[in-house]
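What follows is a single structure, written as structure tokens, with notes after it.
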Amino acid sequence: MIQHADIAMYQAKQKGRDNYQLFEPEMAYVASKQYSYERDMRKNLASDQFYLVYQPKINHQENSVVGFEALMRWHHPDEGMISPSEFIAIADESNLIIQLGEKVINDSLRQLQYWRKQGLVLVPIAVNLSGKHLVSDVLIPFIRQQLALFDISGEYLEIEITEGVLVHDIDRCIRVMAEIKSLNIRISVDDFGTGYSSLSYLKRLPLDVLKIDKTFVQECDVTEEDRQICATIINLAKNLDLGIVAEGVETLSQLELLKAMGCDIFQGYFFHKPLSVENAGALLSSRPLSAA
Ligand code: C2E
Ligand code: CA
Ligand code: CA
């Protein structure tokens with residue numbers, strides 16, 4: 001009974017706290033899967049089951065790669081590839097998300113150091129961090145230590161956080177972000193436009209970039225509403241002197257529309273899917289010199 005109560009509590013927490021859930025038998029199946037994923041993650045996070053892929057960010061005008069976004073992959077020995085939206089949500093329930101974030105930072109900086117040793121001209125790598133990690137006490141000391149360890153300057157690291165993170169403890173966010181900025185690390189707001197937060201945070205926080213959520217980008221050449229939302233976000237960013245990245249660009253017509261609206265940095269399958277580390281390195285080494 002206690003086990004079932006625990007499962008129902010877990011579900012209630014997942015539904016955003018402040019509610020209750022009655023135990024249903026099918027919850028047990030979902031929960032046991034989550035438990036086993038959590039256990040497997042804890043055990044294998046440091047193994048090669050977990051690795052990063054790198055999706056290029058493209059400056060279309062200059063035809064150059066201006067950065068990568070590091071995205072975590074989990075190749076489970078029995079279940080095959082597990083989607084990050086699934087395992088990140090489970091990790092976010094516990095301090096696993098901090099271990100995962102630290103792994104992403106560590107792997108990204110190690111990769112930059114390796115590419116530099118190979119003589120490649122570096123571009124920044126953006127890492128996705130959970131809100132829990134952002135407001136934790138361990139983030140800033142860890143980043144400092146890692147930058148020093150790999151001898152990489154903060155300008156080659158970027159942090160992506162979703163809007164939702166910012167509503168919980170804005171004062172704490174302001175303090176942490178000020179420290180992040182003091183290390184020369186850029187901060188992007190991910191999935192911009194999908195949160196429910198007030199826009200006033202945009203002037204209170206030291207942000208650098210807004211990333212238009214891919215749901216708007218993917219419909220911008222189909223529905224008038226999405227076109228208007230993209231145009232409004234681009235204008236907002238320009239007026240606030242923020243950079244803008246359109247993510248999830250899949251077609252030429254989306255690209256043309258967004259370019260006409262004034263966006264010049266793009267990410268999406270139209271250019272590249274997330275690349276293996278080898279392919280990302282090959283892309284860096286094939287860059288025209290003018291891009292450096
Ligand atoms: P996100 O940060 O918004 O990442 C963009 C997602 O869109 C990635 O999915 C990427 O593969 C996908 N994508 C990129 N271009 C296109 C496109 O043209 N079309 C479509 N349909 N999709 C595109 P992915 O890798 O499955 O990651 C899903 C989410 O999981 C990410 O969304 C991010 O929120 C989270 N995530 C992934 N890796 C990490 C990580 O290392 N740490 C944390 N905290 N979250 C991560
Ligand atoms: Ca992201
Ligand atoms: Ca996103």
Side-chain angles (χ1 to χ4, degrees), residues 37 41 45-46 49-58 60 65 67-75 80-111 124-136 139 142 157-165 186-195 207-222 226 230 233 243-255 258 263 265-277 279-280:
Y37 278 178
M41 246 189 287
L45 194 56
Q49 286 179 26
F50 288 86
Y51 58 92
L52 291 176
V53 289
Y54 298 89
Q55 189 176 35
K57 298 184 187 182
I58 303 292
H60 191 250
V65 179
F68 288 115
E69 176 175 2
L71 294 158
M72 187 57 95
R73 293 291 176 261
W74 183 10
H75 187 239
M81 295 306 294
I82 298 174
S83 157
S85 26
E86 196 170 348
F87 70 80
I88 298 286
I90 295 171
D92 216 11
E93 288 290 310
S94 69
N95 67 349
L96 254 179
I97 195 68
I98 292 183
Q99 291 173 42
L100 192 133
E102 290 185 343
K103 177 177 169 59
V104 177
I105 294 168
N106 178 268
D107 284 2
S108 300
L109 293 177
R110 175 176 296 110
Q111 194 54 48
I125 296 181
V127 299
N128 295 284
L129 293 186
S130 116
K132 201 179 268 177
H133 198 177
L134 185 81
V135 299
S136 75
L139 178 66
F142 183 80
L157 191 63
E158 262 181 51
I159 288 177
E160 295 192 7
I161 38 147
T162 54
E163 260 178 289
V165 166
R186 284 151 58 90
I187 304 172
S188 300
V189 182
D190 207 355
D191 305 343
F192 186 77
T194 59
L207 302 169
D208 298 288
V209 174
L210 303 183
K211 292 187 80 175
I212 313 176
D213 188 61
K214 59 176 176 290
T215 54
F216 304 126
V217 168
Q218 285 171 352
E219 295 286 313
C220 76
D221 55 344
V222 187
D226 289 294
C230 289
I233 295 175
I244 184 99
V245 175
E247 69 171 13
V249 178
E250 292 184 354
T251 66
L252 182 63
S253 77
Q254 291 161 1
L255 173 67
L258 292 159
C263 181
I265 313 282
F266 302 92
Q267 213 182 331
Y269 297 170
F270 181 74
F271 295 99
H272 298 278
K273 291 202 164 175
L275 303 175
S276 67
V277 62
N279 288 342

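Keep in mind it's a predicted model, so treat the numbers as computed, not measured. Both ligands and their constituent atoms are indexed starting at 1 by order of listing.
Ring-plane geometry between W74 and F50 is classed as parallel, the angle between the planes falling under 30 degrees on a 0 to 90 degree scale with a further cut at 60.
Considering only heavy atoms from C-beta on, S188 stays 4.5 Å or farther from V245 through its side chain. Here the side chains of Q55 and Y269 are in contact, with some heavy-atom distance below 4.5 Å. No side-chain heavy atom of N128 sits under 4.5 Å from any side-chain heavy atom of M72.
Exactly one residue among V209, L207, L134 makes a side chain to side chain contact (heavy atoms under 4.5 Å, CB included) with I187. That residue is L207. Among D213, I265, V217, the single residue meeting the side chain to side chain contact (heavy atoms under 4.5 Å, CB included) criterion with E247 is D213.
A donor-acceptor contact closer than 3.5 angstrom is absent between the side chains of Q218 and D226. A donor atom on one side chain and an acceptor atom on the other are found under 3.5 Å apart for S130 and D92.
The distance from the CG atom of L52 to the CD atom of E69 is 10.5 Å, given to the nearest 0.5 Å.
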Using a cut-off of under 3.5 Å, which N/O atoms of ligand 1 pair up with protein N/O atoms, and what distance separates each pair?
from	atom 1	to	atom 2	distance (Å)
ligand 1	2 (O)	E69	OE2	3.2
ligand 1	2 (O)	N128	OD1	3.1
ligand 1	2 (O)	D190	OD2	3.0
ligand 1	3 (O)	D191	OD1	3.3
ligand 1	7 (O)	K214	NZ	3.1
ligand 1	15 (N)	Q55	NE2	3.0
ligand 1	18 (O)	Y269	N	2.7
ligand 1	19 (N)	Q218	NE2	3.2
ligand 1	19 (N)	E250	OE2	2.5
ligand 1	21 (N)	Q218	NE2	3.4
ligand 1	21 (N)	E250	OE2	3.0
ligand 1	22 (N)	Y269	OH	3.3
ligand 1	25 (O)	R73	NH1	2.8
ligand 1	25 (O)	R73	NH2	2.9
ligand 1	38 (N)	M72	N	3.1
ligand 1	42 (N)	N128	O	3.3
ligand 1	44 (N)	N128	O	3.4

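Excluding waters, the set of protein N, O or S atoms lying under 3.0 Å from the Ca ion (ligand 2) comprises E69 OE2, N128 OD1, E160 OE1, D190 OD2.
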